[in-house]
Participant: 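Just dropping this structure here.
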Amino acid sequence: MRIPCPHCGERDHAEFVYRGDATVVRPDPDAPGAARAFHEFVHLRTNPAGLHKEHWYHEGGCRAWIVVERNTVTHEVMGAVTAEAFALSGGLSGRKANA
Amino acid sequence: MRYSAFSVLKNALSGHKGWKPVWREPEPKAEYDVIIVGGGGHGLSTAYYLAKEFGLTNVAVIEKGYLGSGNIGRNTTIIRSNYMLPGNERFYELSMKLWEGLEQDFNYNAMVSQRGVINLYHSDGQRDAYARRGNAMRLEGVDAELLDRKALEKLCPYLDFDNGRFPIQGGLLQKRGGTARHDAVAWGYARGADMRGVDIIQNCEVTGFVIEAGVVKGVETSKGTIRAKKVGVAAAGNTTRVMDKAGLRLPIESHVLQAFVTEGLKPIINTVITFGVGHFYISQSDKGGLVFGGDLDGYNSYAQRGNLAMVEHVCEAGMAMVPMIGRARVLRSWGGIMDMSMDGSPIIDKTPVDGLYLNCGWCYGGFKATPASGMCFAHLIARDAPHPVATELRLDRFETGRVIDETGRGAQPNLH
Amino acid sequence: MSNSRATSGTGQEFRLASGGLIDRSQSIGFSFDGKRHNGHQGDTLASALLANGVRLVGRSFKYHRPRGILTAGSEEPNALVELRDGARREPNSRATTTELHDGLKARSQNRFPSLAFDVMGINDVLSPFLAAGFYYKTFMWPAAFWEKLYEPVIRRAAGLGSLSGKPDPDSYEKATLHCDLLVIGAGPAGLMAALVAARSGARVVIADEDFLPGGRLNSERMEVGSLNASDWAAKISGELALMANVRLLTRTTVFGVYDGGSYAALERVGDHLAQPVQHQPRQRLWRIIARRSILCGGAIERPIAFGDNDRPGVMLAGAVRSYLNRHAVLSGKAVTVFTNNDDGWRTAGDILALGGKVEAVIDPRSAEDVSHLRAMVGDVPVFSRSRITGASGSKGISSVSVLNANGREIRLETDCLAVSGGWNPAVNLTCHMRGKPVWNDRIAAFVPGNDIPAGMRVAGAAAGTLSTHGALVQGSEMAAAACAELGFKVSKSLVPDAEDAPVSIQPLWHVAESKSRAWLDFQNDVTVKDVKLSHQEGFKSVEHLKRYTTLGMATDQGKTANVSAIAIMAEIAGQSIAQTGTTIYRPPYTPVAIAALAGRMTGRDFKPFRLPPSHDWAKEQGAVFVEAGMWLRAQWYPRKREKTWRQSVDREVLATRRSVGVCDVSTLGKIDIKGRDAGKFLDRVYSNVMSSLPVGKVRYGLMLREDGFVMDDGTVARLGENHFVITTTTANAGLVMQHVDFCKQVHWPQLDVHMVSVTDNFAQFSVAGPNSRAVLRKLVDAAHDISNEAFGYMACGRITVCGGVPARLFRISFSGELAYEIAVQAQYGDALIRALMEAGREFDITPYGVEALNVMRIEKGHLTGAELHGRTTAGDIGLGKMVSAKKDCIGKVMAQRPGLTAKDRPVLAGFRTTKPEDSLSAGAHFVRMGKEATTDNDEGYMTSVCFSPSLGQHIGLGFIVDGDTRHGEKVRAVDMVRGRDVEVEICSPHFVDPQGERLRV
């Protein structure tokens, strides 16, 4: 599998560390229902068979956390952006993709 | 029909004309007492024990492919009960006890072979961690032996003890562990269930649940609606896909695990051995192939196939542990979908939907659990209460924090 | 005879006097089962054996049936031999792909005592009892007999060849290639595709499993353009080999397709030699990253099943042609051809053309259907509407039975039967990404479907285009299309003229009139009867068929067997072949040695060694080293007259506590963190407050995972207002770096904070003991005051040592003594340890290793991975108060879950023996005195133990229920796997200097 790192270009996935669903967002710890929200954030996953936005870490390269969109059935990689860019651009639109 | 030495002899002499189909191919009835979604090892064993132990025979197993087409048909066949945490150990030991009497119980030879399972250790710290695990097993009355290098050399002289990178100091042995012929397990349970009246409906996909006022009333399938008083889901890697139809979000990720078999070779590896410093385990099948595997590829996947990097990684670890296998050739590699839970341990529990039961989270250890999983799931469905050895395998343990985390990796499924 | 056979003397009585792609000037000696033979350069072991009239080469897996050579390629199910001697022994090697080399030694397999007389042949007589799946129905009584009796017997019969049991002496390597176009197979389609693409300027890799490019062109008597087919192949491959943008890989099998245009190929660099050339690998694994690929892997001929069709001498028609045209070997003195398609007739034609004898041609098609072929065979008898029902001659056929058009059975004397049941495109690689082939009635075979791997095209026989001209055209077209997609300008290529016969075939899978068993899977002994039985018993899905009968599970993965078996199953089940479908094609295409997949990362090179900066110095001191994760660390420093490791370790501990010791702690993870929000960031990452830490101070920090359990611990040093250095445990250095990067980049990208790992940039030494300050005073430049008043406990700062070398000094202690950690740039590490030792000489400074480090930290109650094993909470280790109530941090919310705060959780405590002669062991479980050792009575477990030279007894750390309130109570430490049961007293985990007075002097 080839991952297009936004900094380093296309690299073999073995250079990266996988983490998982990139659309779950760390909840506000002070909001009511935080315990439940954190449980959902830490444990519950949409786990789709299809398009999945997910975190990969380019440990063998630039050390960027990136958000890769990938099909979990075919392994086709649609694209990638840095996690920072994803978050700062309100990447929560991605929540839809995995929801 | 019952298999016996006599029936084998008789058929051999009469051109095998007397053998009957091992299972029927029934059309689904309009309604069942229990529907099991998933005709893999766990679904079939659940149906078998529902019929045999709990007297529920108006049962259907619904399978979208052919029976036994999931992970029961693509695993490395290892059985063991060498767990550290009580929540797991009691459950897996029940499984081991069921394995020990399985073939006589369901009158089918699944080639259960208690040839021993060894986990190697390479440092004092690893040795102590295995001692803790071995002692936990012994406290539960399960066999466990901590082997030093000398004892291990006697059992497995071909290991690279003085490996320049990670010398082998010894291992934790469970003698009662071993292997079983995976397909035969599915077939034995299917045959046993079918003989007791269970309908096994192959090539029938569940497309939805019938839920009325929070109570499950049946399933929608590619062969129409089938009603049921109770529905149990045992869909392994596809659990999320199935339970999504009931509106449930689960602490599960689907991952790919690859496994490998070599060309057939004369017997040379007589136990199951697991490397301690790289992910690698190996045994030799009764047919002669070296069966081995390693770590998950590590990313969410429903593809049932993996990538080359993990193939190489597994073989590197294999060569580091047993250098004599170098000239054995990999004949076939394959991948299965693992339902990785957030603490690496399974779930057998009720769901928020009344009458809908869940069996999942088997990670890459589902095969050895097949008998106990079926027994405990059948108990849960029949009695609406957990089996005594499965009380900790709860769905809400993630919310309460009573997790069963053998590896201590936390809520990161691909690290378990 | 126009082409008489070689004169006697060479022993190659089946070799033609001329022709073929062999070098008769070079005679090559080899042996099979100890008997010496000769062959030529250009031979395979199979062609050389046939040339010498050797027909019996192996035994089948289950029934031990005598077997000969069936094919001329990697699909061979029968002719498997053991090659080479000693540790280079290679079981299950296909004679059909083994290149002959001088002195080659081959042995037959799976027979005892000899190939000709194999006692296990009794299995064939017993075959009625050994039908498909028989073992599932029996061997169950009594239960205990499986492991004791049945399984050992079955296992002894298992397998074919055997491993040497010794480590492989050869080396292997891996390499990566990037290209625009990968062409898989160098037959007519592949050569043409590569040529077109190469001329367009694309970077082309073309790989073929054979040592000679050309594919079937080397096996056929035909012309391409105005050249002999094999000459054309040589010309084109020669041209390709000279082009700078082309890499032609022969002896290279592309065996797997992976994601993103990744392909795996195995190059057999040295397998055609007795031993690999020195400094060369035996085999090389290529990872090929290709933007596009064209599969030109050809097709595989299939047999027709009839009675005893597995006998030596029954061969595939195309293979007979290969041996004839390529190797100049006649496979028999009187060959009979049995074919259901036009292609099989070529075998008869070629044999006749080269002066051989053809006994008859048998074709199930009507006389009309074969009338256009008769001219090829002259006056050879042709039996149309006929079929073969049986073959006689167990170790080599002597005759076959023909059921003719009139329903009469005729016996024909023949020593070789060339069979063609049609050709199956080698679709395997198109299915590695779970694509499914589709049935094609025109050629009666599966062809690639529409769901082939992204970027792949298929040309030639692999695509079902079975004529040579068709292959050339399709290869050219596919290459042009692929290159155009990539933006290369493709000029029109002239495709040479070649044979372009249409496919004419009448499917015939098995001859129903056969009286004896008809084989489908030769190696695994699966017969037509077994397929019927499988269906009868309900194993109807192709996957059930495969798993129940073992069809297609042999070393050839059913390349010659599967399609016929599927067709027969379809026939029995009354459904179409398309409905029946195939099993899943999986990598590798042909088997690959584990050693090749592992490459060089084996043995000592399995993982790299990380060496701390003082490694060379420690080696000079005669230190004993230990593998600690990725690191190699000094374990202890033995001195003369010390007989046990304990003596050394005790001395190191006592010397450190009495005066001063030094230890390399560079392996701890170190992360440099800078930015205006660095303090705020650390507050969120650590459970305790860090932003309030004054500049020049260090604080112990506890890091939680988001699920509330402890992740790691370490120190946080503030070197400047916006500059921190944190340390992690050695084991978690990488994980914590990953974690803080995640926190910053994913959770809080808006914070002004940056971080980088500096683990490798600094050499860091712990200088511990009452005299540590005095030692350091001699090295630290005078400008820096390190007195207790100026540089108190938990101080840190930038200093210079040894006359201006920049360093960092931290007054922190893992040992519990007055101690410092001093860090310099890594390249000064070696110099610093020598300087420290020199400066400390007057104080009898003692280097200590990780064992003494461990003893001192246990004595002090400090924790390592043994305690922080991922299942412990801050509360479990007595640090619940370190989770600040004033602020949020990673893991804080989840740490409040009831399971993590439950009263029954075992918590940290110290343990000591109650009898001086007792020792302790980690991994023991705690049970109350007088209670039975059971899971229900299990109260906790020991994590770390040592002999404390300071206390003169064994002590330990561990977790036990209510451990903080039961000090003084005695419990059992039960260690059943080591056969021990010791009484211990629960105590404080701080054994030495619990008030921490020594730290502060």
Side-chain angles (χ1 to χ4, degrees), chain B residues 3 8 12 16 19 21-23 66 86 103-104 108-109 113-114 128 131-132 134-135 138-140 144 146 158 164-166 183-184 263-268 286-288 307-308 311-312 315-316 318-320 323-334 400-402 405 408-411, chain C residues 90 92 128-129 131 135-140 143 147 151 154-155 158-160 162-163 165-168 258-259 264 533 537-538 541 543 547 555 586-587 591-595 597-598 601-604 606-607 627 705 707 869-871 897-900 922-923 925 933-935 938 941 976-977:
Chain B
Y3 296 145
V8 172
H16 298 280
W19 296 120
V22 180
W23 41 71
Y66 59 94
E103 292 149 307
Q104 288 67 36
Y108 203 79
N109 188 351
S113 168
Q114 294 183 284
D128 294 345
R132 180 186 165 195
N135 284 322
R138 295 281 286 270
L139 289 174
E140 188 58 32
L146 194 66
Y158 41 76
R165 190 61 190 89
F166 294 109
D183 286 323
E263 297 175 340
L265 299 159
K266 293 293 175 199
I268 193 156
D286 283 344
K287 223 171 144 270
N307 271 291
L308 184 62
V311 178
E312 294 179 36
C315 291
E316 284 164 9
M319 286 298 290
M324 67 145 185
I325 62 174
R327 288 173 110 92
R329 300 189 196 96
V330 175
L331 175 62
R332 193 172 169 87
S333 64
W334 65 94
T400 63
R402 289 189 174 84
D405 186 351
R409 301 302 189 98
Chain C
E90 266 174 81
N92 305 339
F129 301 95
Y135 29 79
Y136 300 125
K137 298 167 185 157
T138 183
F139 300 137
M140 286 179 273
E147 280 93 353
E151 189 178 44
I154 288 174
R155 273 174 76 78
L160 294 167
S162 41
L163 290 174
K166 299 183 186 112
D168 189 338
Y258 299 92
D259 288 308
L533 180 62
E537 294 198 75
S541 141
E543 288 286 353
R547 291 151 191 268
T555 61
R586 297 278 195 182
V592 179
I594 292 173
L597 293 165
M601 305 275 280
T602 59
R604 189 182 163 81
F606 172 52
K607 296 282 181 214
E627 300 77 14
R705 293 191 310 235
D707 68 357
H869 50 52
R871 289 171 296 260
R897 288 181 289 166
L900 280 73
H925 287 241
T934 63
T935 306
D938 186 3
Y941 52 95
M976 298 158 108
V977 293

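No hydrogens, no waters, no symmetry mates; every other heavy atom, side chains included, goes into these values. Keep in mind that this is a model prediction, so the values were computed, not measured. A note on names: the letters A, B, ... follow the listed sequences, proteins ahead of strands, and every chain is numbered from 1.
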Participant: At a 4.5 Å cut-off on heavy atoms, which part of C/Asn92 comes close to chain B: side chain, backbone, both, or neither?
Facilitator: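 Looking at C/Asn92, backbone and side chain both touch chain B.
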
Participant: Using atom types as modelled and distance alone, determine if a side-chain donor or acceptor of B/Asn135 lies under 3.5 Å from a backbone N or O of C/Gly923.
Facilitator: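 Here the side-chain-to-backbone pair exists.
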
Participant: Under 4.5 Å heavy-atom distance to chain C, tell me which part of B/Asp183 shows up: side chain, backbone, both or neither.
Facilitator: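 Looking at B/Asp183, just its side chain touches chain C.
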
Participant: Are the charged groups of C/Asp168 and B/Arg327 less than 4.0 angstrom apart, N to O?
Facilitator: yes

Participant: Specify which of B/Ala328, B/Ala411, B/Ala144 makes the most heavy-atom pairs with chain C at under 4.5 Å.
Facilitator: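 Counting heavy-atom pairs under 4.5 Å, the top option is B/Ala328.
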
Participant: Highest number of heavy-atom pairs under 4.5 Å with chain B: which of C/Ala131, C/Ala922, C/Ser162?
Facilitator: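 Of the candidates given, the most pairs with chain B belong to C/Ala922.
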
Participant: Any heavy-atom pair between the side chains of B/Asp286 and C/Glu151 that's under 4.5 Å?
Facilitator: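 Yes, side chains in contact.
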
Participant: To check you understand the geometry: which heavy-atom pair defines the closest contact between B/Gly288 and C/Ala158, and what is its length?
Facilitator: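 Heavy atoms of B/Gly288 and C/Ala158 come nearest at N-CB, 3.8 Å.
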
Participant: Quick one: does any side-chain atom of B/Ser333 pair with a main-chain N or O of C/Pro587 as donor and acceptor, under 3.5 Å?
Facilitator: yes

Participant: Identify the heavy atoms of B/Trp23 and C/Gly538 that sit nearest to each other, and give their distance.
Facilitator: NE1-O, 3.4 Å

Participant: Counting heavy-atom pairs closer than 4.5 Å to chain C, which one of B/Ile268, B/Leu308, B/Leu146 comes out on top?
Facilitator: B/Leu308

Participant: Check B/Arg329 against C/Pro591 and note the closest heavy-atom contact, atom names and distance.
Facilitator: CB-CB, 3.5 Å

Participant: If you count heavy-atom pairs within less than 4.5 Å of chain C, which of B/Met324, B/Arg165, B/Gln104 leads?
Facilitator: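 Highest number of pairs under 4.5 Å: B/Arg165.
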
Participant: Can you classify the ring geometry of B/Tyr3 versus B/Trp19 as parallel (below 30°), tilted (30 to 60°) or perpendicular (above 60°)?
Facilitator: perpendicular

Participant: Using a cut-off of under 4.5 Å on heavy-atom pairs, state which of B/Glu103, B/Arg409, B/His16 scores highest against chain C.
Facilitator: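 When all of B/Glu103, B/Arg409, B/His16 are compared, B/His16 has the most.
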
Participant: Heavy-atom pairs under 4.5 Å with chain B are the metric here; pick the option from C/Phe606, C/Tyr136, C/Tyr135 that has the most.
Facilitator: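 Going by pairs under 4.5 Å, I would pick C/Tyr136.
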
Participant: I need the minimum non-hydrogen distance between C/Ala593 and B/Gly326, along with the two atoms involved.
Facilitator: CB-O, 3.5 Å

Participant: According to side chain to side chain contact (heavy atoms under 4.5 Å, CB included), who are the partners of C/Thr935, at least two apart in sequence or on a separate chain?
Facilitator: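 Per chain and number, C/Thr935 pairs via side chain to side chain contact (heavy atoms under 4.5 Å, CB included) with B/Pro86, B/Arg90, B/Leu139, B/Glu140.
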
Participant: Answer with side chain, backbone, both or neither: which region of B/Gln114 has an atom nearer than 4.5 Å to a non-hydrogen atom of chain C?
Facilitator: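 The answer is both parts of B/Gln114.
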
Participant: Need one label for C/Phe139: side chain, backbone, both or neither, based on atoms under 4.5 Å from any heavy atom in chain B.
Facilitator: both

Participant: Under a 4.5 Å heavy-atom cutoff, which of C/Leu163, C/Thr138, C/Ile154, C/Leu533 has the most pairs with chain B?
Facilitator: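 Maximum pair count with chain B is reached by C/Leu163.
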
Participant: With a 4.5 angstrom heavy-atom cut-off, which part of C/Lys607 approaches chain B: side chain, backbone, both or neither?
Facilitator: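 Both backbone and side chain of C/Lys607 come within 4.5 Å of chain B.
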
Participant: Only pairs of heavy atoms separated by less than 4.5 Å count here; which of B/Ser113, B/Gly134, B/Gly318 has the most with chain C?
Facilitator: B/Ser113

Participant: Flag the one option from C/Glu627, C/Arg547, C/Arg604 with the top tally of heavy-atom pairs under 4.5 Å to chain B.
Facilitator: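 Result: the option with the highest number of such pairs is C/Arg547.
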
Participant: Sort out for me which of C/Ala595, C/Ala143, C/Ala933 touches chain B most, counting heavy-atom pairs under 4.5 Å.
Facilitator: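 Most heavy-atom pairs under 4.5 Å with chain B: C/Ala595.
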
Participant: Using a cut-off of under 4.5 Å on heavy-atom pairs, state which of C/Arg155, C/Met601, C/Lys166, C/Glu147 scores highest against chain B.
Facilitator: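 Among C/Arg155, C/Met601, C/Lys166, C/Glu147, the one with the most close pairs to chain B is C/Arg155.
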
